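For reference, the structure discussed in these notes is given below.
Being a predicted model, the structure only gives us computed values, none of them experimental. Atoms within each ligand, like the ligands themselves, are counted from 1 in listed order.
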Amino acid sequence: METVYLNGEYVSGSAAKISVFDRGVLFSDAVYEVISVIDGRLIDMQRHIARLERSLGELSINASADWSTIAQNLVTENDLQEGVVYLQVSRGVMEERDYRWPAPDTAPTIFAFAQSRALIANPLADRGMKIITRPDLRWQRCDIKTTQLLYASLMKMEAMAAGVDDVWMARDDWITEGTSQNAHIITQDGVLISHQLDRRILPGVTRIEMLDQAKAMELTIEERAFSIDEAKQAAEAFVTSSTLLVMPVVEIDGHKVGDGQPGTRTGKIRQNYLAAVQRASSTTN
Ligand code: PLP
């Protein structure tokens with residue numbers, strides 16, 4: 001039986017229960033992190049903690065815990081070799097449903113669980129992802145990692161219905177990001193373009209390390225929005241996320257990207273990214 005964490009205790013998944021008056025349940029008044037685990041080690045934990053604390057701060061949710069120890073204990077308890085740790089914090093439980101927040105000293109609801117999943121041996125890395133573009137109709141604070149994920153989930157279902165892997169969302173023809181990944185292209189001139197960090201995208205943890213690796217490969221980097229047309233004309237395209245790591249995109253709205261095969265520079269970035277995070281986690285964990 002899996003072991004999960006809930007409000008200070010490690011219990012079996014079926015024993016972990018939260019209130020129907022929890023603000024996370026009623027208002028998606030909650031933030032979360034997904035941390036990848038490779039070879040039994042948490043990847044980039046410190047950056048996930050920094051982003052979690054930023055998300056909590058932006059929403060004035062008072063919560064603190066030893067996030068790293070919780071995640072590490074779940075890896076150990078569940079003997080997780082490869083997969084993810086999911087960590088969620090809500091503003092806590094109200095006495096009755098009310099838009100107004102409860103008192104600031106209300107205890108937050110903190111829970112976490114581990115899930116086994118193949119991250120490195122993902123067949124998508126060999127065949128590449130097909131994506132379609134759709135309007136980005138999310139709210140304007142996509143920089144906060146909240147559990148308000150219904151629009152992204154609807155878009156993921158549109159992708160499935162269209163027989164592709166995912167959706168890249170766009171505001172006025174400018175691509176923001178994927179349903180749960182940051183989006184990037186490499187132009188015909190070899191310039192890597194990645195949306196600038198602002199309120200339209202989530203500041204991806206994987207994106208940070210990916211950009212470092214791309215710099216080390218001496219790629220020119222432009223942090224700016226790119227249009228749907230620019231993406232279709234690109235030499236290579238790819239996404240980054242904690243679960244997909246660095247993943248090639250080979251088709252956009254039915255147009256082949258480059259020759260329709262995963263890009264060679266993307267493959268190199270993925271390889272170098274993996275080597276770097278594995279090196280770093282073996283020295284910090
Ligand atoms: N953008 C969105 C909307 C996401 O949901 C995610 C991850 O869940 C990402 C980007 C990638 O972020 P990270 O690399 O930190 O996993």
Give a yes or no on whether Asp66 atom CG has more than 12 heavy-atom contacts from other residues, nucleotides or ligands under 6.0 Å away. yes

I want to know if ligand 1 touches Leu202 in the polar sense, i.e. an N/O pair below 3.5 angstrom. no

Nearest to atom 12 (O) of ligand 1, what protein heavy atom do you find, and at what distance? Gly204 CA, 3.5 Å

How does Arg51 reach ligand 1, by side chain, by backbone, by both or by neither, if only non-hydrogen atoms under 4.0 Å count? side chain

Run the salt bridge (Lys or Arg N to Asp or Glu O under 4.0 Å) test on Glu223 and Arg207 for me, step by step, so that the C-alpha distance in whole Å, both residues' side-chain angles and the decisive distance to 0.1 Å come before the verdict. CA-CA 11 Å; Glu223 291 188 59; Arg207 177 184 179 279; 2.7 Å; yes

Identify which of Lys145, Arg47, Gln181 has a heavy atom lying nearest to atom 10 (C) of ligand 1. Gln181

Identify the closest protein heavy atom to atom 5 (O) of ligand 1: which residue and atom is it, and at what distance? Ser180 CA, 3.4 Å

Looking at Asn182, which atoms of ligand 1 are within less than 4.0 Å of one of its heavy atoms? 10 (C), 11 (C)

Return yes when atom CE of Met160 has more than 12 non-hydrogen atoms of other residues, nucleotides or ligands closer than 6.0 Å, and no otherwise. yes

Is it the case that Arg91 places NZ or CZ above or below the six-membered ring of Trp101, under 6.0 angstrom from the centre and within 45 degrees of the axis? yes

Is it the side chain, the backbone, both or neither of Val34 that has a heavy atom closer than 4.0 Å to ligand 1? neither

Under 4.5 Å between any side-chain heavy atoms of Lys156 and Val167, yes or no? no

Step by step, work out the salt bridge (Lys or Arg N to Asp or Glu O under 4.0 Å) result for Glu82 and Arg117. CA-CA 6 Å; Glu82 194 167 316; Arg117 192 190 295 192; over 6 Å; no

Do we get Arg23 above Phe27's six-membered ring, with its NZ or CZ under 6.0 Å from the centre and within 45° of the axis? yes

Judging by distance only, is a nitrogen or oxygen of Ser242 under 3.5 angstrom from one on ligand 1? yes

Quick one: look up the protein heavy atom nearest atom 2 (C) of ligand 1 and list residue, atom name and how far away it is. Glu177 OE1, 3.5 Å

Using a 4.0 Å cutoff against the non-hydrogen atoms of Thr240, which atoms of ligand 1 qualify? 11 (C)

For this output row, return yes or no: ring centroids of Tyr32 and Tyr86 closer than 6.0 angstrom. yes

Among side-chain atoms of Gln181 and Glu177, is any donor-acceptor pair under 3.5 angstrom? no

At the 4.0 Å heavy-atom cut-off, does Arg138 count as touching ligand 1? yes

Suppose we measure from atom 14 (O) of ligand 1 to each protein heavy atom; which comes out shortest, and what is that distance? Thr206 OG1, 2.6 Å

With heavy atoms only and a cut-off of under 4.0 Å, state how Thr179 meets ligand 1: side chain, backbone, both or neither. backbone

